[in-house]
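Heads up, the thing below is written out as structure tokens.
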Amino acid sequence: MTVAIINTDMNIGPFKIPGNGQNMILNFYAERNGISVEEIIPEPFKSPDLATTLWTHKRKKLTKVILCSIHQLPQEKKRVNKLLEKMKNVEFHFVLEGISGKGKSFLNECISEAKIFKNAKVLDSSNTSWTKLYKLLKKSKK
């Protein structure tokens, strides 16, 4: 039974977090929550399927994994199904979203939420003001 933190590519959904930054975030989260980390799993650059994590789980029977974000979960149906089947009993922690849980329904909810964000329109915050954003919000609620 092993607890692991998982480092992935620095491009995590809307975030850009280098590997050393991910390590700091994940280790701080584990320490703050009294979780003893036994394994660090580095996923290959630009790998969207958590294949190294699945391989490690097969060998070491992971009980908990900690990731920076739900955006690190796979999106391709085949990869999602493999993750859901192989890791349904593993407790997942997503630091930036502040959520944790386990089971197929929990992971499906996380994957669905990441997909919604992936398809959302990105606003250039450097080219606007809070007043313009507030007006845009009010306009979208009409």
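Residue numbers count from 1 along this sequence. No experiment lies behind these values; they were computed from the predicted model shown.
For the atom pair I70 CD1 and F92 CZ, the distance stands at 13.0 Å (nearest 0.5 Å). To the nearest 0.5 Å, atoms CD1 (I6) and CD (E39) are separated by 10.0 Å. T131 OG1 to Y134 OH: the interatomic distance, rounded to the nearest 0.5 Å, is 10.5 Å. In this structure, OG1 in T8 is found 11.5 Å from CG in D49, a value given to the nearest 0.5 Å. With values rounded to the nearest 0.5 angstrom, L50 atom CG is found 10.5 Å from T56 atom OG1. Here CG of N89 is found 12.0 Å from CG of L62. Values are rounded to the nearest 0.5 Å.
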| request: Run the numbers on K46 and M10 for side-chain contact (heavy atoms from CB on, under 4.5 Å), then give the verdict. | output: CA-CA 8 Å; K46 294 197 177 226; M10 74 178 285; over 6 Å; no
| task | Before giving the answer on side-chain contact (heavy atoms from CB on, under 4.5 Å), spell out for V90 and H57 the whole-Å C-alpha distance, their side-chain angles and the decisive distance to 0.1 Å. | result | CA-CA 9 Å; V90 176; H57 177 56; 3.5 Å; yes
| query | What do the steps show when you test S69 against F15 for side-chain contact (heavy atoms from CB on, under 4.5 Å), and what is the final call? | reply | CA-CA 9 Å; S69 176; F15 312 109; 4.0 Å; yes
| task | Evaluate the side-chain contact (heavy atoms from CB on, under 4.5 Å) criterion for residues Q22 and L67: first the C-alpha distance (whole Å), next the side-chain angles of each, then the deciding distance (0.1 Å), finally the verdict. | result | CA-CA 8 Å; Q22 290 179 49; L67 292 117; over 6 Å; no
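Applying the salt bridge (Lys or Arg N to Asp or Glu O under 4.0 Å) rule to pairs touching residues 87-108 yields E85-K88, E85-K104, sequence neighbours excluded. Screening residues 23-36 for side chain to side chain donor-acceptor pair (under 3.5 Å) gives N7-N23, Y29-H93 as the qualifying pairs, with residues at least two apart or on separate chains. Within the structure, salt bridge (Lys or Arg N to Asp or Glu O under 4.0 Å) contacts touching residues 8-17 (residues at least two apart or in different chains) do not occur.
Between C68 and Q72, the shortest heavy-atom distance links the atoms N-OE1, 2.8 Å. When all heavy atoms of F94 and C110 are compared, the pair lying nearest together is CE1-SG, 3.7 Å. What you find for L54 and K86 is that their closest heavy atoms are CD2-CB, 3.7 Å.
Proximity of a side-chain donor or acceptor of T2 to a complementary backbone N or O of K61 within less than 3.5 Å is not detected. When atom types are taken as modelled, the side chain of S112 and the backbone of N108 share a donor-acceptor pair closer than 3.5 angstrom.
In this structure, M24 is not a member of the same hydrophobic cluster as I41, with clusters built from ILVMFWY side-chain heavy atoms closer than 4.5 Å. If you chain together hydrophobic residues whose side chains sit under 4.5 Å apart, I99 and V65 fall into the same group. Cluster annotation: I17 and I40 are assigned to the same hydrophobic cluster (Ile/Leu/Val/Met/Phe/Trp/Tyr, side-chain heavy-atom contacts under 4.5 Å, transitive).
By the ring pair (Phe, Tyr, Trp, His ring centres under 6.0 Å) test, F117 is found to be paired with H71, residues two or more places apart in sequence or in another chain being considered. When the salt bridge (charged side-chain N to carboxylate O under 4.0 Å, His left out) test is applied to E113, no partner is found at least two apart in sequence or on another chain.
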Distance-only donor-acceptor pairs under 3.5 Å for side chains of residues 74-81, two or more places apart:
residue, atom, partner, partner atom, Å
Q75, NE2, I111, O, 3.4
N81, ND2, K77, O, 3.4

